[in-house]
Amino acid sequence: MITIIYFARLKEALGLTSEQLLLPDGVTTVEGLRTLLMQRGGVWEKELGPLRSFRAAVNQCLAQGHTGVKAGDEVAFFPPVTGG
Amino acid sequence: MITIIYFARLKEALGLTSEQLLLPDGVTTVEGLRTLLMQRGGVWEKELGPLRSFRAAVNQCLAQGHTGVKAGDEVAFFPPVTGG
Amino acid sequence: MRVKIQTEDFDLSREIATLRQGHPEVGAIVSFVGVVRDFNDGDHVNQLCLEHYPGMTEKSIESIMTSAHERWQLVDCLVIHRVGLLMPLDQIVLVVVMSAHRGDAFAGCEFIMDYLKTQAPFWKKEKTPQGAHWVEAKQSDDEAAQRWSQSVPRL
Amino acid sequence: MRVKIQTEDFDLSREIATLRQGHPEVGAIVSFVGVVRDFNDGDHVNQLCLEHYPGMTEKSIESIMTSAHERWQLVDCLVIHRVGLLMPLDQIVLVVVMSAHRGDAFAGCEFIMDYLKTQAPFWKKEKTPQGAHWVEAKQSDDEAAQRWSQSVPRL
């Protein structure tokens with residue numbers, strides 16, 4: 001089980017602030033997780049597709065596509081940050 | 001007639017805050033004025049000599065040795081500044 | 001090293017006075033205050049709503065401040081970032097960096113701001129007469145942060 | 001553009017609030033506060049006495065601020081410099097620079113401080129238990145000011 005959190009534009013577009021997901025075998029990275037979510041189609045495919053720019057964090061640290069993901073992790077997807 | 005003002009270490013060493021001086025013929029630059037003052041000897045020679053580092057201003061603008069000096073000017077001699 | 005994420009406003013003088021306590025070696029204090037402009041890319045901004053990722057926000061800012069301490073001789077630093085609803089002219093963010101000497105304080109403060117802009121998880125939503133929209137990230141902010149990764153130290 | 005030479009202390013928050021009035025386009029405010037350190041080159045500083053050249057001080061600082069306005073997009077700036085007797089931990093100098101964007105505000109503020117250190121006619125006298133002495137100018141301050149005369153603009 002992993003926790004996925006969505007922020008800002010992604011949260012609104014997906015209509016979801018967070019979800020708990022059983023990690024399927026073979027999904028071991030952020031990129032793998034993104035591909036899995038995009039298979040939901042529709043807004044998922046659009047928001048997490050290559051045309052939309054977004055960032056990910058694993059356990060509250062900025063992550064890359066190849067960053068590992070395992071049961072118990074907190075994964076977040078969000079747009080590029082605009083604070084300050 | 002020109003006004004000469006002294007500040008900080010120079011003022012204390014020379015025992016003088018300012019003086020009014022009739023500019024002799026031939027003294028037309030800051031360097032010329034400095035040479036004139038050094039001819040007073042003693043502490044003047046020591047404080048305005050090449051071993052002591054000091055700065056000059058003419059009419060309240062930082063000046064170089066070749067900066068012109070004429071009757072009516074306000075000339076200042078002082079150590080390198082240490083504000084801020 | 002302190003990070004505060006809060007909805008309330010802050011007072012710069014008071015924050016500096018608190019930060020200075022017990023640090024007689026400080027000679028230079030550089031502060032950055034970011035405020036809500038009344039005009040933004042031509043649209044009249046009525047309100048700004050700031051969302052953040054609790055937990056990660058504090059962690060990422062602490063990590064940026066730790067990097068600043070490793071690169072320059074800093075005595076202490078503070079970041080305050082407001083979240084929630086903000087109005088034009090409101091203060092959004094404060095970065096204070098103290099050092100014995102001014103060069104370190106300037107560099108440390110600008111470094112923290114540049115990384116905060118690109119790495120701390122905040123998102124701004126603008127509400128204008130034309131409707132609400134999420135603010136897009138700026139290329140110039142990425143470039144500002146990247147220049148610090150050059151190995152050549154600035155004077 | 002304002003210059004104040006004064007014996008009284010100043011309040012940073014209040015000075016910024018005054019400076020911001022009528023400037024809704026400001027997004028970034030960078031401030032530098034210089035304070036009297038309790039230790040200076042190993043000697044315990046009891047007091048600092050600041051002398052200046054009235055008239056030239058204001059002119060030279062205004063000239064530095066004008067240069068900063070020519071080099072960067074600044075909205076307004078303020079310099080306050082105290083003179084007379086100062087105690088350890090006292091504030092000595094304040095530079096505030098406001099701009100639409102932070103890069104300009106940081107550069108303008110550091111530029112003004114660097115030139116103020118080398119061109120504005122102030123002199124510090126330290127009174128320590130070992131006696132009073134005039135503070136010597138620092139080579140590093142000249143170097144800090146000189147880097148701005150390179151024609152390559154900073155990012």
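A note on names: the letters A, B, ... follow the listed sequences, proteins ahead of strands, and every chain is numbered from 1.
- Partners of D/F32 according to the ring-ring contact (aromatic ring centres under 6.0 Å, His included) rule, which considers only residues two or more places apart in sequence or in another chain, are C/F106.
- The candidate from C/V95, C/D141, C/V93, C/I16 with the greatest count of non-hydrogen atom pairs under 4.5 Å with chain D is C/D141.
- Chain C forms the most heavy-atom pairs under 4.5 Å with one residue out of D/H101, D/M113, D/R102, and that residue is D/R102.
- Sparse packing is recorded around CD of D/Q73, with 12 or fewer heavy atoms of other residues, nucleotides or ligands lying under 6.0 Å away.
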query: Checking side-chain contact (heavy atoms from CB on, under 4.5 Å) for the pair C/V30/D/E110: CA distance, chi angles, key distance, verdict?
result: CA-CA 10 Å; C/V30 174; D/E110 194 168 9; over 6 Å; no
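- Around the CD atom of D/E136, the shell of radius 6.0 Å holds no more than 12 heavy atoms that belong to other residues, nucleotides or ligands.
- Taking CG of C/L89 as the start and NE2 of D/H23 as the end, the distance is 12.0 Å to the nearest 0.5 Å.
- Neither the backbone nor the side chain of C/A105 comes within contact range of chain D; no heavy atoms are under 4.5 Å apart.
- Heavy-atom pairs under 4.5 Å with chain D were tallied for C/I92, C/V96, C/V26, C/D11; the largest tally goes to C/V26.
- Side-chain atoms of C/I29 and D/Q91, non-hydrogen and from C-beta on, never get closer than 4.5 Å to each other.
- Of residues 74-87 of chain C, no residue lies under 4.5 Å from chain D by any heavy-atom pair.
- Side chain of C/R14 to backbone of D/S13: no donor-acceptor contact under 3.5 angstrom is found.
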